[in-house]
Amino acid sequence: MVDTFAFDKTGTLTRGELTLGDITAFDPLDETELVRVAAIAEKRSEHLLARLIVREAESRNLVIPAIDEFTSQPGSGVIAQVRTSVLGKWASHEGEESHSLHEKINEVIVGSRRLMEAQNIEISTDIEDRLAKLDETGQTVLLVAVDGKLLGVLGVRDTLRAESADVIAELKQAGIKNFALLTGDRSQPARTVAESLGSLGTIEADMLPLDKANWIEEQTKQGRRVAMVGDGVNDAPALAKSDLGIAMGTGTDVAIESAMITLVKGDLHGIVKARNL
Ligand code: ADP
Ligand code: MG
């Protein structure tokens with residue numbers, strides 16, 4: 001029998017029905033252009049955040065051309081190579097011949113603060129203040145950079161699943177004592193979610209996919225039997241490592257393939273029964 005429950009946040013305890021929150025665009029971009037640039041980079045990503053950005057661009061009737069080169073950084077964001085002719089004149093660097101515009105390439109990065117740091121992109125104190133405000137309001141933060149320069153910040157809001165609090169309470173009643181929230185998001189949005197669920201115990205933020213798996217392994221070594229509940233590519237290694245991997249049927253294929261159980265309708269109530277396995 002399982003004695004420990006670890007949950008992913010986005011798309012698991014929350015609905016994953018994201019909406020765009022506060023947007024800040026820096027010169028030379030305006031809000032709309034920022035959304036368009038981010039959507040171009042995110043077009044080929046399956047992440048919930050990526051799908052939100054692309055949907056938002058489409059709802060603004062923006063054209064999102066396909067790109068050739070793209071790498072997804074699980075748990076942190078995307079890096080895309082985009083032709084300058086696709087981005088627009090503002091993306092061409094000074095002194096470049098305009099007639100060769102279509103052959104030039106710009107690097108667009110969309111993702112977490114950590115991804116920006118890893119790519120040596122400077123975050124000014126002004127922007128830090130802005131990010132702190134988004135953190136305080138529980139918004140997930142996406143940063144957008146082009147050729148090493150930060151050009152905007154997108155806040156994203158999510159809502160809890162209606163059943164999350166009940167399910168945690170039922171598990172507590174059934175004798176489960178150890179709970180954890182494992183997320184790739186920052187600690188403030190994670191704490192906001194944990195607090196709305198009544199104290200959840202351990203909160204581990206800023207986790208890469210392997211960090212989640214290592215956390216599970218560590219608990220197992222200490223003699224615990226751990227159930228992991230998740231929906232994303234970033235949860236797959238942890239789902240595979242756990243004693244009882246439970247995937248949200250609304251989530252990504254790789255999560256479902258790595259888990260023992262799939263909650264077909266994505267209703268968390270199913271895990272209360274599953275704990276006896
Ligand atoms: P969670 O554990 O909450 O499901 P993830 O591990 O999927 O979150 O993502 C962690 C963080 O990495 C996100 O909050 C976001 O800042 C960033 N991120 C991940 N994937 C993307 C993406 N495709 N585009 C932009 N940002 C991303
Ligand atoms: Mg998730």
Side-chain angles (χ1 to χ4, degrees), residues 6-18 20-21 34-35 37-57 70-80 108-119 121 123 131 134-135 138-145 152-158 160-161 164 180-194 203-213 215-216 228-239 245-252 254-256 258-259 263 266 268:
F7 291 90
D8 164 55
K9 180 174 74 74
T10 317
T12 302
L13 290 173
T14 71
R15 295 155 66 95
E17 287 165 14
L18 311 177
L20 211 49
L34 177 66
V35 169
V37 170
I40 292 171
E42 294 277 22
K43 190 165 189 181
R44 284 167 57 187
S45 167
E46 279 183 31
H47 200 278
L48 286 173
L49 289 165
R51 281 190 263 156
L52 165 72
I53 304 294
V54 173
R55 226 175 29 240
E56 177 69 26
F70 152 93
T71 46
S72 123
Q73 315 277 315
S76 351
V78 296
I79 302 181
V108 181
I109 305 180
V110 186
S112 63
R113 185 174 336 200
R114 194 188 19 203
L115 179 61
M116 298 299 154
E117 281 159 6
Q119 297 292 320
I121 291 160
I123 302 177
L131 299 183
L134 290 171
D135 276 351
Q139 296 181 55
T140 294
V141 173
L142 299 192
L143 298 118
V144 182
V153 181
L154 304 165
V156 176
R157 292 202 179 90
D158 197 356
L160 279 179
R161 283 184 191 276
S164 291
L181 177 58
L182 310 180
T183 181
D185 203 351
R186 308 266 303 164
S187 69
Q188 187 57 53
R191 257 181 280 154
T192 308
V193 164
I203 300 174
E204 298 280 349
D206 284 315
M207 286 188 125
L208 289 175
L210 277 182
D211 297 329
K212 294 193 184 192
W215 188 92
I216 304 274
M228 167 76 197
V229 194
D231 72 312
V233 177
N234 58 325
D235 300 314
L239 287 166
I246 304 174
M248 306 300 280
T250 45
T252 51
V254 55
I256 292 169
S258 308
L263 302 174
L268 286 173

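All ligand and atom numbering here is 1-based and tracks the order in the structure.
- In terms of the side-chain hydrogen bond (donor to acceptor under 3.5 Å, both in side chains) criterion, residue partners of Thr14 (sequence neighbours excluded) are, by chain and number, Asp158.
- With respect to the salt-bridge test (charged N to carboxylate O, under 4.0 angstrom), the residues Lys212 and Asp8 qualify.
- The minimum distance between the Mg ion (ligand 2) and any N, O or S atom of Asp231 involves atom OD1.
- Taking the Mg ion (ligand 2) as reference, Asp8 places its N/O/S atom OD2 nearest.
- When atom types are taken as modelled, the side chain of Thr252 and the backbone of Val233 share a donor-acceptor pair closer than 3.5 angstrom.
- With salt bridges taken as basic N to acidic carboxylate O contacts below 4.0 Å, none links Lys9 and Asp231.
- Residue contact annotation: Thr12 places no N/O/S atom under 2.8 Å from the Mg ion (ligand 2).
- Shown here are the salt bridge (charged side-chain N to carboxylate O under 4.0 Å, His left out) partners of Arg161, two or more places apart in sequence or in another chain: there are none.
- Every residue meeting the side-chain contact (heavy atoms from CB on, under 4.5 Å) condition with Arg157, not counting sequence neighbours, appears here in chain and number order: Thr19, Asp22, Gln139.
- Near ligand 1, residues Asp8, Thr10, Glu42, Ser45, His47, Leu49, Gly75, Ser76, Gly77, Val78, Val110, Gly111, Ser112, Thr140, Val141, Leu142, Thr183, Gly184, Asp185, Lys212, Asn234 each place a heavy atom inside the 4.0 Å sphere around the ligand atoms.
- Side-chain atoms of Ser258 come within 3.5 Å of backbone N or O of Val254 as a donor-acceptor pair.
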